[in-house]
Amino acid sequence: MAALHAELLAIVKANAYGHSLSVCAPAVVRAGARWLGVSSVEEGVAARALCPEAGILVIGSVFPGHGAAVVEHRLSAVAWQLWQLDELEAAARTARGSVPVHLEIDTGMSRQGVAPEEFNAEGGQADALLARFHPGSPLRLEGVMTHLFAADEADGRVTEAQLALLEEALRRIKAAGVHPEWLNVGNSAALLSGKAARIAALAARYEMKAMLRPGLALYGVIPQFDPKFESPEPETLAAARERLHPVLTWKTRVAGVRAVPAGAVVGYNGTFVATEPMRLALVAAGYVDGLDRRLGNHFSLLVHGTRAPLVGRISMDSAVLDVTEISGVEPGDEVVILGEQGGDCITAFDHAEATGTIPWEVFTRIGERVPRIAV
Ligand SMILES: *Cc1c(COP(=O)(O)O)cnc(C)c1O
């Protein structure tokens with residue numbers, strides 16, 4: 001296989017998926033990442049303070065009044081609307097600086113980006129947007145981006161259609177005489193399913209360099225692919241299954257242990273009633289910390305390497321485990337909410353399945369007051 005040239009833009013948005021921006025941004029830069037992707041201008045300012053040299057791309061919208069901070073903190077901004085370019089250009093002129101922009105093309109998600117029928121069609125927005133990057137402008141078209149929103153699906157037609165629309169946009173950009181440096185495409189699912197080579201080839205056809213934007217995989221978690229996804233799995237995915245391990249463990253401690261008689265009720269509204277004499281452990285984590293209320297009576301946490309069922313409702317600051325079958329549990333003992341203990345492991349997928357969500361939400365809902373500690 002030909003050598004693959006693709007730059008990594010490490011997605012550290014949303015406080016590094018709840019893992020802590022201040023821990024993770026410097027860590028990925030130390031590991032060689034030259035670019036970071038953040039949610040907002042505010043987060044970009046925080047990332048700049050942590051990583052003075054990295055390229056920092058704000059992947060959410062820039063809002064009126066944000067331009068000055070973008071320029072001052074040397075952020076790159078995703079934009080797709082004329083008013084966003086107005087904001088950035090005015091700020092750059094005031095500061096006598098320039099602003100690198102990544103123009104987002106919406107190739108099918110109807111979220112951010114200029115719609116292809118607006119951009120690619122005759123009389124669409126392409127000319128007006130591209131004219132803003134004339135040689136005398138403080139706006140510089142640093143990249144073109146789109147988001148592959150179905151790279152985990154077995155049927156690759158959506159992704160193919162997206163790449164075709166993107167290529168049409170690249171043709172128009174080239175015809176307009178504008179030369180962006182980066183083709184910025186692809187999340188974890190795209191990368192792990194082997195799309196990097198496709199993206200790099202597309203970039204090369206337009207004299208651009210490829211930039212990929214994985215998030216979840218950087219935290220050691222592989223997105224779930226459609227069960228009907230290629231069999232055997234692409235090499236990139238098989239290799240990732242060998243090598244990636246989740247980097248986050250979420251722990252708390254036992255705050256107290258008590259014995260209760262048969263018939264004792266546990267927690268708000270007594271949704272659990274002891275069927276026999278039981279031993280209960282109070283743990284210092286509640287729904288404020290992101291321990292989802294729906295887990296009460298439906299999930300187990302690890303104590304002494306054994307799964308102990310959560311009994312009764314989860315409270316704001318605490319929850320109760322049934323440790324009747326686990327001997328020697330004492331105040332101060334470690335409780336693992338997510339991660340490994342004694343050879344067993346609770347995954348973000350376990351949480352996600354129990355609460356009807358996805359690992360991304362499980363991580364990002366871990367409460368702000370839970371200290372993030374690098375180990
Ligand atoms: C969050 C996000 C990513 C990263 O997605 P993962 O599935 O976590 O790899 C990439 N690009 C954009 C635009 C995003 O919003």
Side-chain angles (χ1 to χ4, degrees), residues 15 17-20 23 216 219-222 224 245-260 264-375:
N15 198 29
Y17 288 18
H19 289 56
S20 166
V23 170
L216 197 67
Y219 306 97
V221 178
I222 298 173
Q224 212 151 33
H245 301 285
V247 299
L248 179 141
T249 303
W250 177 11
K251 301 172 182 177
T252 183
R253 285 181 205 269
V254 171
V257 181
R258 67 169 66 201
V260 295
V265 299
V266 180
Y268 284 106
N269 306 104
T271 61
F272 183 87
V273 181
T275 49
E276 56 187 340
M278 292 176 82
R279 279 163 46 83
L280 304 177
L282 179 69
V283 300
Y287 58 79
V288 177
D289 303 294
L291 189 64
D292 197 293
R293 240 179 124 258
R294 282 165 288 194
L295 298 177
N297 296 317
H298 292 290
F299 202 69
S300 297
L301 307 182
L302 288 167
V303 188
H304 293 200
T306 304
R307 290 191 185 224
L310 282 161
V311 289
R313 291 206 165 128
I314 309 278
S315 295
M316 187 182 286
D317 293 322
S318 62
V320 175
L321 296 175
D322 170 9
V323 294
T324 311
E325 303 293 325
I326 308 170
S327 59
V329 176
E330 287 181 14
D333 285 356
E334 177 188 275
V335 176
V336 167
I337 299 171
L338 201 175
E340 280 183 28
Q341 191 193 57
D344 200 350
C345 182
I346 299 172
T347 69
F349 287 101
D350 293 335
H351 277 268
E353 199 171 302
T355 57
T357 186
I358 53 175
W360 292 260
E361 190 182 3
V362 171
F363 289 128
T364 52
R365 291 193 56 206
I366 298 174
E368 214 175 289
R369 73 179 182 187
V370 178
R372 270 63 166 180
I373 300 163
V375 289

Heavy-atom pair of closest approach, residues [X] and [Y]:
X      : Y      : answer
Leu280 : Val266 : CD1-CG2, 3.8 Å
Val254 : Ala281 : CG1-CB, 4.1 Å
Pro331 : Gly256 : CG-CA, 4.2 Å
Pro359 : Ala352 : N-CB, 3.9 Å
Asp333 : Gly328 : OD2-O, 3.7 Å
Arg294 : His298 : O-CD2, 3.5 Å

How many angstroms lie between [atom1] in [X] and [atom2] in [Y], if you round to the nearest 0.5 Å?
X      : Y      : atom1 : atom2 : value
Lys251 : Glu340 : NZ    : CD    : 11.0 Å
Ile337 : Phe299 : CD1   : CZ    : 10.0 Å
Phe363 : Asn15  : CZ    : CG    : 13.5 Å
Arg365 : Leu291 : CZ    : CG    : 10.0 Å
Leu295 : Ser300 : CG    : OG    : 10.0 Å
Met316 : Tyr268 : CE    : OH    : 7.5 Å

So do the side chains of [X] and [Y] get within less than 4.5 Å of each other, counting heavy atoms only?
X      : Y      : value
Phe272 : Val320 : no
Arg279 : Val257 : yes
Arg307 : Leu302 : yes
Glu325 : Thr306 : no
Leu321 : Leu310 : yes

With respect to Trp250, which candidate in Leu301, Ile366, Ile346 satisfies the side chain to side chain contact (heavy atoms under 4.5 Å, CB included) definition?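 In the set Leu301, Ile366, Ile346, the residue that makes a side chain to side chain contact (heavy atoms under 4.5 Å, CB included) with Trp250 is Ile366.
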
Sequence neighbours excluded - side-chain hydrogen bond (donor to acceptor under 3.5 Å, both in side chains) pairs with any residue from residues 351-360: Thr357-Glu361

More than 12 foreign heavy atoms under 6.0 Å from CD of Glu368: is that the case here?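 No.
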
May I have the step-by-step check of side-chain contact (heavy atoms from CB on, under 4.5 Å) for Ile314 and Asp292, ending in yes or no? CA-CA 8 Å; Ile314 309 278; Asp292 197 293; over 6 Å; no

Under 3.5 Å donor-acceptor, [X] side chain and [Y] backbone:
X      : Y      : result
Ser315 : Gly286 : no
Asn297 : Val311 : no
Gln341 : Gly305 : yes

Side chains of Thr324 and Asp322: is there a donor and an acceptor less than 3.5 Å apart? yes

Using side-chain hydrogen bond (donor to acceptor under 3.5 Å, both in side chains) as the criterion, list what pairs up with Arg258, not counting sequence neighbours. none

According to ring-ring contact (aromatic ring centres under 6.0 Å, His included), who are the partners of Tyr219, at least two apart in sequence or on a separate chain? Tyr17, His19

